[in-house]
Amino acid sequence: MKATIRLKAACIMLVFLHVMSAEAQDVKSLWMSMPSKMTQYLDNDMKRTLVDGGNAQVKVKNLLGETAVLDTLTADFMQVKLNNASTLQLKTLDTDEGKRKVCVVRTYAAPEKESTATLYDTDWKSVETINLQALTDNLLQKPDTLSET
């Protein structure tokens, strides 16, 4: 009787671990299938080196001779600093229709930080571009008592 319960518990754990690893693998496979025009300074070997190292601040020399660093890798999110002035974030999103979308946020830090966000389907076809500047403009308001300077 106890052996059967242990066997069932072990099977449930194996299924759970398989589902979790499949989810993490999905972000890695999306990263690897990302078109080269989106990561122009990284070839497939460099991209693979970054994600195969896990979440351990893996670094590679990019095609420009600068350092690219994997900052974060989770089941549904990753952030890669492509060089000193460019960061790329990927976030998988589940839709109401049960389909998955990928939100890609590119941040350029020269001279000031500026970000663009685009939604893609899992085949890397652009679905929607999000105007982040319009969102932040609505969030920031100058109080009447604050001078222009």
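The first residue of the sequence shown is numbered 1, and numbering continues consecutively from there. What you see below is based on every heavy atom in this structure, not just the backbone, and it leaves out hydrogens, waters and symmetry mates.
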Value for OG1 (T118) from CD (E128), rounded to nearest 0.5 Å, stands at 9.5 Å

Next item on the list: Give the intermediate values and the outcome of side-chain contact (heavy atoms from CB on, under 4.5 Å) for residues L42 and L50.
Entry: CA-CA 10 Å; L42 297 175; L50 287 171; 4.0 Å; yes

In chain order, what residues pass the side chain to side chain donor-acceptor pair (under 3.5 Å) check against [X], with sequence neighbours excluded?
| X | value |
| --- | --- |
| K91 | D76 |
| E112 | none |
| T87 | none |
| S36 | none |

Could you check whether atom CD of E114 has more than 12 heavy atoms from other residues, nucleotides or ligands sitting under 6.0 Å from it? no

Please table the atom pairs, donor to acceptor, closer than 3.5 Å between any side-chain atom in residues 61-72 and protein atoms at least two apart or in another chain.
{"residue": "N62", "atom": "OD1", "partner": "L64", "partner atom": "N", "Å": "2.8"}
{"residue": "N62", "atom": "OD1", "partner": "G65", "partner atom": "N", "Å": "3.1"}
{"residue": "N62", "atom": "OD1", "partner": "E66", "partner atom": "N", "Å": "3.0"}
{"residue": "N62", "atom": "ND2", "partner": "L82", "partner atom": "O", "Å": "2.9"}
{"residue": "E66", "atom": "OE1", "partner": "N83", "partner atom": "ND2", "Å": "3.4"}
{"residue": "D71", "atom": "OD2", "partner": "Q79", "partner atom": "NE2", "Å": "3.2"}

Original post:
What's the verdict on side-chain contact (heavy atoms from CB on, under 4.5 Å) for L119 and L93, showing C-alpha distance, side-chain angles and the deciding distance?
Top reply: CA-CA 9 Å; L119 290 176; L93 307 167; 3.8 Å; yes

I'd like to check [X] versus [Y] (side-chain heavy atoms, cut-off strictly below 4.5 Å). Are they in contact?
| X | Y | value |
| --- | --- | --- |
| L90 | M34 | yes |
| V127 | K99 | no |
| R100 | D26 | yes |

- Query: Does the pair V80 and W31 meet the rule for a side-chain contact (heavy atoms from CB on, under 4.5 Å), with working shown?
  - Reply: CA-CA 10 Å; V80 178; W31 167 252; 3.9 Å; yes

Only counting residues at least two apart or in another chain, list the ones meeting side-chain contact (heavy atoms from CB on, under 4.5 Å) with D123.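 Partners of D123 under the side-chain contact (heavy atoms from CB on, under 4.5 Å) test: D121, K125.
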
> Listed by chain and number, what are the side-chain contact (heavy atoms from CB on, under 4.5 Å) partners of D45, not counting sequence neighbours?
Replying inline: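 Per chain and number, D45 pairs via side-chain contact (heavy atoms from CB on, under 4.5 Å) with D43, R48.
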
Original post:
Restricting to pairs with a member in residues 88-120, which pass ring pair (Phe, Tyr, Trp, His ring centres under 6.0 Å), not counting sequence neighbours?
Top reply: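 Residue pairs with at least one partner in residues 88-120: Y120-W124.
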
Practice task
Give a yes or no on whether M32 and Y41 share a hydrophobic cluster (residues Ile, Leu, Val, Met, Phe, Trp, Tyr; joining criterion: side-chain heavy atoms under 4.5 Å apart).
Solution key: yes

Salt bridge (Lys or Arg N to Asp or Glu O under 4.0 Å) against K81, all qualifying residues, sequence neighbours excluded:
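Residues passing salt bridge (Lys or Arg N to Asp or Glu O under 4.0 Å) with K81: none at all.
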
T39 backbone acceptor or donor facing K47 side chain under 3.5 Å: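 Not confirmed, K47 side chain does not pair with T39 backbone.
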
